[in-house]
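Residue numbers start from 1 in every chain, and the chains themselves are labelled A, B, ... in the order their sequence lines are given, proteins ahead of strands.
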Protein chains: 2
Amino acid sequence: MKLKAKLLDIQAGGRRIAILDDETASLLGTHSSDRVEITYKNEHLIAIVNIASNFPRNYIGLYEEISRKLGIETGETVEVRPAESPEALSYVQAKIRGERLRENEIRTIVKDVVERHLSDVELASFVTALYVHGLRMNEIEALSKAMVETGRVLTLDKGPILDKHSIGGIPGDKASILIVPIIAAAGFIIPKTSSRAVTSPAGTADRVETLCPVDLTVEEIEEVVKKTNGCMVWGGALELAPADDIFIQVEYPLAIDPLLLPSIMSKKKAIGATHVVLDIPTGRGAKIKTIGKAQALAHDFIDLGKRLGINVQCAVTFGEQPLGYAVGPALEAREALLAIMGNGPADLREKATGISGILLEMVGIENGKKKAEDLLRSGKAERKLREIVEAQGGNSKIEPEDLAVGDRKAEITTDKEGRVLWINNRSVAQVAREAGAPKEKGAGVVLKTKLGEHVEKGGIIFEIYAQRNTKLEAAIELAERLQPIGLSKKPEQRMLMDQIPTRTVHRKTFILER
Amino acid sequence: MKLKAKLLDIQAGGRRIAILDDETASLLGTHSSDRVEITYKNEHLIAIVNIASNFPRNYIGLYEEISRKLGIETGETVEVRPAESPEALSYVQAKIRGERLRENEIRTIVKDVVERHLSDVELASFVTALYVHGLRMNEIEALSKAMVETGRVLTLDKGPILDKHSIGGIPGDKASILIVPIIAAAGFIIPKTSSRAVTSPAGTADRVETLCPVDLTVEEIEEVVKKTNGCMVWGGALELAPADDIFIQVEYPLAIDPLLLPSIMSKKKAIGATHVVLDIPTGRGAKIKTIGKAQALAHDFIDLGKRLGINVQCAVTFGEQPLGYAVGPALEAREALLAIMGNGPADLREKATGISGILLEMVGIENGKKKAEDLLRSGKAERKLREIVEAQGGNSKIEPEDLAVGDRKAEITTDKEGRVLWINNRSVAQVAREAGAPKEKGAGVVLKTKLGEHVEKGGIIFEIYAQRNTKLEAAIELAERLQPIGLSKKPEQRMLMDQIPTRTVHRKTFILER
């Protein structure tokens, strides 16, 4: 059927959607969500039909993803005909029925995901079915491999290639800014890609971006790593395992994360990693609540690593409170810089050297933690950080006070004396986000006390930084409602942790940070 | 945050979607799929955010569903702020985790579905979770009631109110066109609403539309029923249980139908039915394959009926071949008219009087089937049909030959002699659709032989009717590939039913007809 193109001049979030009016759709024999094949000048393309009753007859509305690909203008004629569903859909349906998928079936799904042949409805149903039925390790392996195959890969010819990754969930986790320079200073390759915050107040890419550019091309990354052994870049636009970015679009609103293992490990494989430490922060308010669950997940990571040819070790880390004191991109970068220069919080230094130590021992260095501490203490790690910052296009002479933090500040005090019994990670993260993080890089929270510490009546328990008064006020108000820090002289004097429905504040607290 | 409205002048299929560019979304702190509250002249509205990187900054793109509701023009200013997820989403997530839902939770979900507060992703995940985890009868009951409460209802003050419904799947099932007049002629109320074809060659609404208008308002229906005791109208635009229409939008592409029970029974409750016969066609190529499954489903319908105050009986009917010979809107209406006038196929008359008989006995008439046969034979049912046709705005004098069928016709012959061993319902339906049905009302298939009948070599096994040569040719080609009718002198001489992968033609064969 010949139809005239009508360009909508708007993007559909990568989706390939075509608009038809009821009458035209009915003549074509297609319903909403059916596929059509659009042909223009020998170029064929499959689109998913949406029906709009007020659309002109004999026209087909094209979002920019399609019109740009076809190079077509409004008014030009295309041939449109009904198309079969993609092969992947029958495997998605098999998974809905609870069947196990074969390797070639999974490869077909991932390929069709990357080529945008599956609709949001089909993707949502697929990840829901994965979540409900669970995945076998064979399926996880096939997914990981297919996600690597359908994306770009980094080609660094020197080996071994080291990497670390946190499954996330702990505010203020700036350990990578210490670990990458330590490993690189030890003479090993560590091409670290990381993400921006989705649901947290800062991702490693957001933190590092206050020190130097992070938005490098694959070629620039290879250059930086050749020069310095390491890098700390944003992985989002590199097209490493791009299927994952599409899955995240439906996982995020559903707050489910069934692809955690293939998602993380496909990205490690795509950068060519040979030795990886997975950090699994564990505790109330972390993604993983108990050591038992952390251990089970760790074994899965190790098993998957073996199948992908990656040597994996896992670090189960204390996740009951933020790492260090600072939460928010610039505040955290400042704290990391202080730590690598010899100051900064002890827990941050301990975690960074601990994980670095495991990595170093994996590649044959004895007393890895000691070696990492030496590299930190001697200033070699700091010099390496400055090299990397410079190679990525930043100022190698940067000092902690050069990092601009929000000039609107509030001090939150306590009206009672006592010790810190708990710190609610999610509440701290929410307050930092309310203050403007991660978008406003100077915004965030600085804790003035940590678990087990003693605070006097009237003492400051944390500070809020913001770039705008309205944000500061909103964050103060939220902090007062959430009360992220619980104090008492003795635990036995404060057994009440929450009151329902009065105190609990319902907020989306799904952690989707990889 | 104040943004300027930009009207997109296009519908989003009922969805409430707003477009933001990355930068504006980021300043608002919202991601794709998050909600925003849009305020314009004291009118508040929740929309789901889609992100388009090429959209102008400080604008918000509004699809027609939103702009019309707000009564806003391009360039006017709205207040936009992040909004919480709807309460329903947390219950959707509970169902994903496999939890049972409480009545008030289900009511909240259905209300948010009807108000379009849930995105396609969330709806798809919900129906997938329902399909995978299954539903308890308490949940089915609550869903049915909530679906009634969120829609319009028919108010016919005379009782009892009778109805029949087929769960569908059998091509050519025009029994309702006989049953409604029989029941109405017997003096009982039967306000039959039915659907148009989604995946089949004809729905009852498509068939009846060749006799008279079916697109009546609720008030017009009440008028017709007052005058004639019955009606045969399209239920689609009546807003009876509208949640179902929204669920279907995601069930259709996924080819799953977990809401079959509440979907059908909520519509029965909405028209005020007190006595309902459910027809469950059973056999290979029908929705339900075995009598055991049909019985289990029947008991669920009966149980649900009790909970909704509806007396339900079920008829498990022979579903291994089309009903009658004709498949396609006008062809079927012609066959139904012939049957009610005293001719027509025996299986059609048998099924129609059988189901009518059950209905009549449910309201206290003895020898129901005999009574139904009498009403058919005496011409009372025919006169009642003509009354209803006239009341709905059609011509009461209509004769079978007045019904225009496609003037392009092909006869499909057999090259061997034998008896009909099988008729593939789905293949027959596909050929009829390929010929143009249901959109082209005169298109379809007429069988010239049925199961067990003997055909000579060279004899005609079925005819294809079309309104256009291209459609006729496509249907002939498909018929040759699918070979919907299997013949053999004796079964033992034809054991091979299919050959894989050579013969099987993969087509979407999900039956979604309610």
Side-chain donor-acceptor pair present, Asp34(B), Tyr252(A), cut-off under 3.5 Å: yes
Ionic contact status for Glu65(A) with Arg116(A), cut-off 4.0 Å: no
Pick whichever of Ile51(A), Leu27(A), Asn50(A), Asp9(A) has the most heavy-atom pairs under 4.5 Å with chain B. Leu27(A)
Counting heavy-atom pairs under 4.5 angstrom with chain A, the leader among Val127(B), Val132(B), Ile19(B), Asp120(B) is Val132(B)
Measuring from Glu473(A):CD to Ile464(A):CD1, what's the distance to the nearest 0.5 Å? 11.0 Å
Between Leu8(A), Asn54(A), Ile17(A), Thr128(A), which has the largest tally of heavy atom pairs under 4.5 Å with chain B? Asn54(A)
Honestly, the part of Gln249(B) sitting under 4.5 Å from a heavy atom of chain A is backbone
For Lys95(B), is it the side chain, the backbone, both, or neither that has a heavy atom closer than 4.5 Å to a heavy atom of chain A? neither
Charged N-O contact under 4.0 Å between Glu105(B) and Arg100(B): no
Most chain B-contacting option - heavy-atom pairs closer than 4.5 Å, from His133(A), Lys439(A), Glu122(A), Arg97(A): Lys439(A)
Please classify the contact of Ile48(B) with chain A as side chain, backbone, both or neither, using a heavy-atom distance under 4.5 Å. neither
Determine whether the side chains of Ser53(A) and Gln11(B) contain a donor N or O and an acceptor N or O closer than 3.5 Å. yes
Is there side-chain contact between Thr199(A) and His31(B), with at least one heavy-atom pair below 4.5 Å? no
Honestly, the part of Phe126(B) sitting under 4.5 Å from a heavy atom of chain A is neither
Just how far is it from atom CD1 of Ile46(B) to atom CZ of Arg35(B), taken to the nearest 0.5 Å? 8.5 Å
If we define contacts as heavy-atom pairs under 4.5 Å, which of Ala129(B), Ala124(B), Ala52(B), Ser125(B) has the most with chain A? Ser125(B)
